[in-house]
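One structure coming up, written as structure tokens, with questions to follow.
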Amino acid sequence: MTLLAIVFLPILAAWVPLVSERLGRNTCTALTLISPLVVVGLVLSYLPTVLQGQVSSVHFNWIPSLGLNLAFRVDALSLMFALLISGIGVLVLWYARFYLSKKDSLSKLYSMLLMFMTAMLGIVLSDNILLLVVFWELTSLTSFLLIGYWSGDTEARKGARMALAVTGGGGLALMAGMVLIGQVVGSFNLGEVLASHQLITEHALYPIILVLVLLGVFTKSAQFPFHFWLPHAMAAPTPVSAYLHSATMVKAGIFLLARLFPALGGTDLWIILVTLTGLTTMTFGAAMAMFKHDLKGLLAYSTVSHLGLITMLFGISTELAVLAGVFHIMNHAAFKASLFMVAGAVDHGTGTRNLQVLRGMHKYMPLTALLSVLAAASMAGVPFFNGFLSKEMMLTASIGIDAFGPFAVVVPVIATLAAVFSAFYSVRFAHNTFFGGEPKKTPVFPPHAPSKLMLMPVMLMVGICVAVGLFAQPLVGNYVNLAATAVLGYAQAPYAIHIWHGFNAPLFMSVVALLVGVSVYQSRARLFAWYNKRTPFNELHLFEGMTQWVVLQAKNMTNGLENGSLQRYIAFIVFLFIAMMAVALSPLTDLAGEVALTEPDFIATVASVLLVCAAITTAFVHHHRFTALIIVSVVGLMVVMLFARFSAPDLALTQLSVEAVTVVLLMLALYFLPKARVNESSAPRVIRDIIIASVAAVAVGILVFAILTRPMETISGYYLDNAKPLGGGYNVVNVILVDFRGFDTFGEIIVLAIAGLGIANMLKNQYLPLPLTDNEGRAWANDPHPVLVSMMARILLPLALMLSVYVFLRGHNAPGGGFVAGLITSVALILQYVASGVGFVHERMSFNYARWLAAGILVAAVTGLGSWLVGFPFLTSTYQYITLPVIGTFEVSSALPFDVGVYLTVVATTLLILAYVGKLTTTERVDG
Amino acid sequence: MELILAIVIAVLTGTGIYLLLRARTFPVVMGLTLFTYAVNLFLFAMGRIRYNAPPVTNMADIHTDPLPQALVLTAIVIGFAMTAFVVVLSLRARADLGNDHVDGIDKPRPEKELTEQTEEANA
């Protein structure tokens with residue numbers, strides 16, 4: 001539980017700064033610091049167990065089916081990182097209080113930093129490699145937000161985007177790698193993965209896994225050639241740079257390298273890939289740092305270089321190298337975070353970070369100068385500082401790497417060169433800023449020294465640098481050895497960190513590096529002159545250019561496919577459908593299956609022939625819209641015949657009534673649509689469409705025939721057997737609709753209602769031009785409502801309503817039911833509209849259809865909810881027989897009110913639609 | 001009968017798709033109607049062909065599969081609602097855009113081409 005608290009406490013407290021900012025900045029800082037301080041305390045509480053070499057862990061199931069569990073563990077390596085994250089976090093929060101100017105929101109920065117802290121702690125404490133990836137992505141996201149803190153600044157936005165694209169992309173590769181590891185090992189549990197070194201490294205997928213994981217590592221830790229995002233991330237506020245981009249987030253990649261070392265490390269591929277990348281990054285970063293005139297730019301490239309150094313050490317894979325790597329992680333965090341804070345303090349006090357402007361600042365800020373000289377000395381690797389110790393271990397480790405064979409000698413030479421560069425830029429940072437002549441005029445003049453409170457974190461960390469440099473072995477020696485054991489996966493021979501190892505090659509290399517570095521710094525003017533002559537190169541422009549190119553290509557492709565033509569889209573869909581059908585039907589060897597064919601029935605055959613003729617005619621004469629409409633209704637009637645013949649009386653009834661309503665609707669539509677042009681499509685287009693349609697038709701035909709001639713298995717036996725005993729009705733279709741699958745029906749009437757309301761809204765306050773003639777150019781008849789028709793319709797109305805009640809009531813036991821009855825009622829009412837006009841009907845019957853529609857759904861819903869009252873699931877039905885005098889015994893089922901709801905919804909929707917379309921034809925608009 | 005039914009569904013599909021590919025809204029609505037018939041018949045056919053076997057337990061001794069019928073029954077009603085929706089959409093498009101082309105842009109073929117075609121037809 002403590003582990004959970006460590007990880008989630010910061011994010012759970014992320015609201016604290018937001019709420020407390022109004023109480024003043026000091027209160028806000030004090031309250032915000034509580035949760036990280038508690039986390040530091042909790043982390044330290046694990047120190048005794050970790051020092052005994054024990055691993056503590058906690059497991060909760062999250063999504064066990066994916067192997068994703070909420071599992072955390074703490075050992076020497078993760079404890080070290082957790083301490084760095086929470087400890088430096090506290091210092092950075094403190095520092096930010098003094099760094100941010102009044103106009104910037106402190107609480108925004110604080111809450112984002114707290115969220116970031118949780119993400120980072122999650123990475124280092126995860127005991128599940130998928131969970132690790134989740135937190136990994138969270139750090140990318142929070143870092144994006146933090147880099148873009150000054151969201152009004154273009155550079156900040158671009159830098160944030162680039163960081164997200166690079167680290168996020170790497171995160172995807174990492175996820176793929178982790179999934180592969182999980183498949184090879186059979187578990188995502190970190191412990192099991194670490195124990196499967198042989199299984200993974202001997203697997204055929206190992207190179208792919210390694211490359212994917214390394215992509216994640218290298219992008220996160222800004223290794224060459226993915227280093228370019230880090231310098232541009234410096235657009236972030238300096239506390240963020242100090243925290244994310246030197247001490248913690250960029251170390252996440254290195255952490256993962258160390259964490260997975262027992263599983264993936266030590267192979268020749270690993271040694272070559274990781275060592276070379278690290279070596280290149282170290283040298284390249286250091287060289288770039290020499291030429292940066294921006295304090296933070298210099299530190300950014302120096303960070304790249306030091307990350308390369310650590311990467312190289314984990315690549316070399318020997319016990320000493322791993323130990324040095326672990327040690328340097330701590331040292332680098334300490335001196336680099338202090339240097340960033342110093343840079344921020346200088347920026348704060350002078351208004352600039354430009355090394356071409358800054359000179360002799362020690363006069364104005366002596367304490368800052370002292371601190372930065374000490375920290376820079378540590379970075380340069382001056383003896384008696386912690387940086388010296390780990391750098392010398394690095395130089396020792398770089399000598400004689402077996403995997404490089406005869407080229408092994410190159411590594412120490414290049415490493416020494418990088419150390420020269422490192423000495424150069426360290427000297428420049430301290431000397432150029434604080435000494436080197438009289439102060440020039442800075443934007444803020446005279447510069448003011450940062451407050452002692454602001455420098456407190458720097459003092460603390462520089463103090464650590466010095467203390468560790470002098471008394472490394474007693475202070476941290478034991479712990480570094482333990483952490484190295486956690487990385488290596490076995491107990492190595494203990495190594496004692498000493499300043500003095502006698503006169504040996506690494507000492508010689510260190511001294512050479514320092515001396516050469518300082519002497520080159522003396523003649524730096526010539527170096528900068530040479531640098532300025534080369535053509536400038538900006539990765540940001542390159543990256544933005546590439547991004548825009550990709551977007552442009554995507555846009556072109558989209559525009560090429562999508563030209564806004566519905567015809568083309570439908571053709572694409574049909575094409576895809578045909579292709580999928582072809583794939584699905586290709587294994588079919590015989591068209592006909594083993595089931596014997598049914599005898600052709602005379603009526604059904606005649607209906608089929610008529611139907612086929614009518615359908616084809618419709619396609620041919622679709623320019624003659626009225627004719628086509630009449631013929632389509634023939635198709636519909638033949639479908640009714642087929643339903644009736646093939647034992648589906650309910651379907652036949654429904655289709656018949658729907659048919660009537662549809663034809664009325666289409667007639668109304670026809671009234672408004674403009675006259676058709678003859679043969680509008682070109683001949684090639686018509687031929688193309690005929691081919692597409694025919695191929696689709698043949699595919700469907702084959703599919704239907706193939707299915708119908710093969711045996712089937714149905715689940716309907718249950719419904720047939722239980723319709724009467726459980727549902728109380730003989731008509732199984734109706735019982736399914738209102739009882740067994742009542743919830744589906746409920747959903748369907750809601751769809752119906754939504755369609756109706758949508759139509760009503762689309763037509764609200766619409767005025768369509770009323771055509772003076774029909775499509776053939778004939779004038780309308782003088783008498784729109786012939787007396788004979790309207791009289792007949794009035795006589796029919798009560799009969800039709802009675803029929804619909806009959807059909808409704810018998811629906812449970814014989815063909816009929818709410819749907820059919822509703823449609824019959826609708827047809828009867830629509831007949832009144834057609835025969836006597838909208839005005840006539842509305843004078844006599846002023847229903848608000850939208851309300852009736854709502855009532856219908858409400859009735860259905862309340863019926864369903866009723867079963868809750870008696871403790872049954874939604875829409876459970878019951879029935880009872882009631883005997884009344886005269887009428888006799890009949891059955892009352894709770895499904896009946898539900899069917900009433902269906903009935904009401906169907907009637908209301910149908911009339912709503914037709915009344916709205918219909919009233920467009922009249923000059924008197926009847927809204928409501 | 002299976003063969004005939006397969007042909008029926010195939011023809012309905014083919015004519016439906018052909019009309020769906022037309023450029024004016026009214027044929028598209030008709031195509032949709034035909035295609036709806038095809039889909040409903042297809043779903044219904046999955047319960048196989050049976051004569052005189054309605055799924056009403058007190059009316060016959062053998063019963064055809066009631067499940068596809070229940071599915072299709074609601075599909076018919078919703079199909080009507082959808083057709084109505086498309087019809088109204090086309091009316092609204094007609095009102096707002098002033099034409100009945102499916103893309104909302106009236107792009108008739110050049111008059112010259114049309115006259116040539118008419119002449120060919122007349123010849």
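Chain naming here is simple, since letters A, B, ... match the order of the sequence lines and numbering starts at 1 in each.
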- So what's closer than 4.5 Å to chain A heavy atoms on B:Met46: side chain, backbone, both or neither? both
- Task: Verify, without hydrogens or angle tests, whether B:Arg92 (side chain) and A:Leu763 (backbone) share a donor-acceptor contact under 3.5 angstrom.
- Result: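 Answer holds: no.
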- Heavy-atom proximity to chain B below 4.5 Å, by part of A:Val686: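 Both backbone and side chain.
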- Polar side-chain atom of B:Thr57 near backbone of A:Tyr730 as donor-acceptor pair, under 3.5 Å: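 Yes: the side chain of B:Thr57 pairs with the backbone of A:Tyr730.
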- Between A:Ser647 and B:Asn52, is there a donor-acceptor pair closer than 3.5 Å when you use the side chain of the first and the backbone of the second?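 Yes, the answer is positive, given that a donor and an acceptor are paired below the 3.5 Å cut-off.
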- Quick one: are B:Pro66 and A:Leu720 in side-chain contact, heavy atoms under 4.5 Å? yes
- Query: Which heavy-atom pair separates B:Val56 from A:Asn813 by the least distance, and what is that distance?
  - Reply: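 Shortest heavy-atom contact: CG1-O, 3.2 Å.
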- Nearest heavy atoms of B:Val77 and A:Phe819, plus distance in Å: CG2-CD2, 3.5 Å
- Quick one: what part of B:Phe44 sits under 4.5 Å from any heavy atom of chain A, side chain, backbone, both or neither? side chain
- Item | Under 3.5 Å: donor-acceptor pair, side chain of B:Glu2, backbone of A:Thr598 | yes
- Query: Which atoms of A:Ile570 come close to chain B, meaning under 4.5 Å heavy atom to heavy atom: side chain ones, backbone ones, both, or neither?
  - Reply: both
- Task: Against chain B, label A:Val639 side chain, backbone, both or neither, depending on which of its atoms sit under 4.5 Å from a heavy atom there.
- Result: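 Answer is side chain: those atoms of A:Val639 sit under 4.5 Å from chain B.
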- Query: Does atom CZ of A:Arg645 have more than 12 heavy-atom neighbours from other groups under 6.0 Å away?
  - Reply: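 Yes, because the 6.0 Å sphere around CZ of A:Arg645 holds more than 12 heavy atoms from other groups.
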- Does A:Phe643 reach the side chain of B:Val72, with side-chain heavy atoms less than 4.5 Å apart? yes
- Item | Which atom of B:Leu89 lies closest to which atom of A:Met762, heavy atoms considered |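 B:Leu89 and A:Met762 have their closest heavy atoms at CD1-SD, 3.4 Å.
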- Query: Is a side-chain N or O of B:Tyr18 found less than 3.5 angstrom from the main chain of A:Phe620, in a donor-acceptor match?
  - Reply: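 Not confirmed, B:Tyr18 side chain does not pair with A:Phe620 backbone.
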- Task: Verify, without hydrogens or angle tests, whether B:Thr15 (side chain) and A:Ile616 (backbone) share a donor-acceptor contact under 3.5 angstrom.
- Result: no
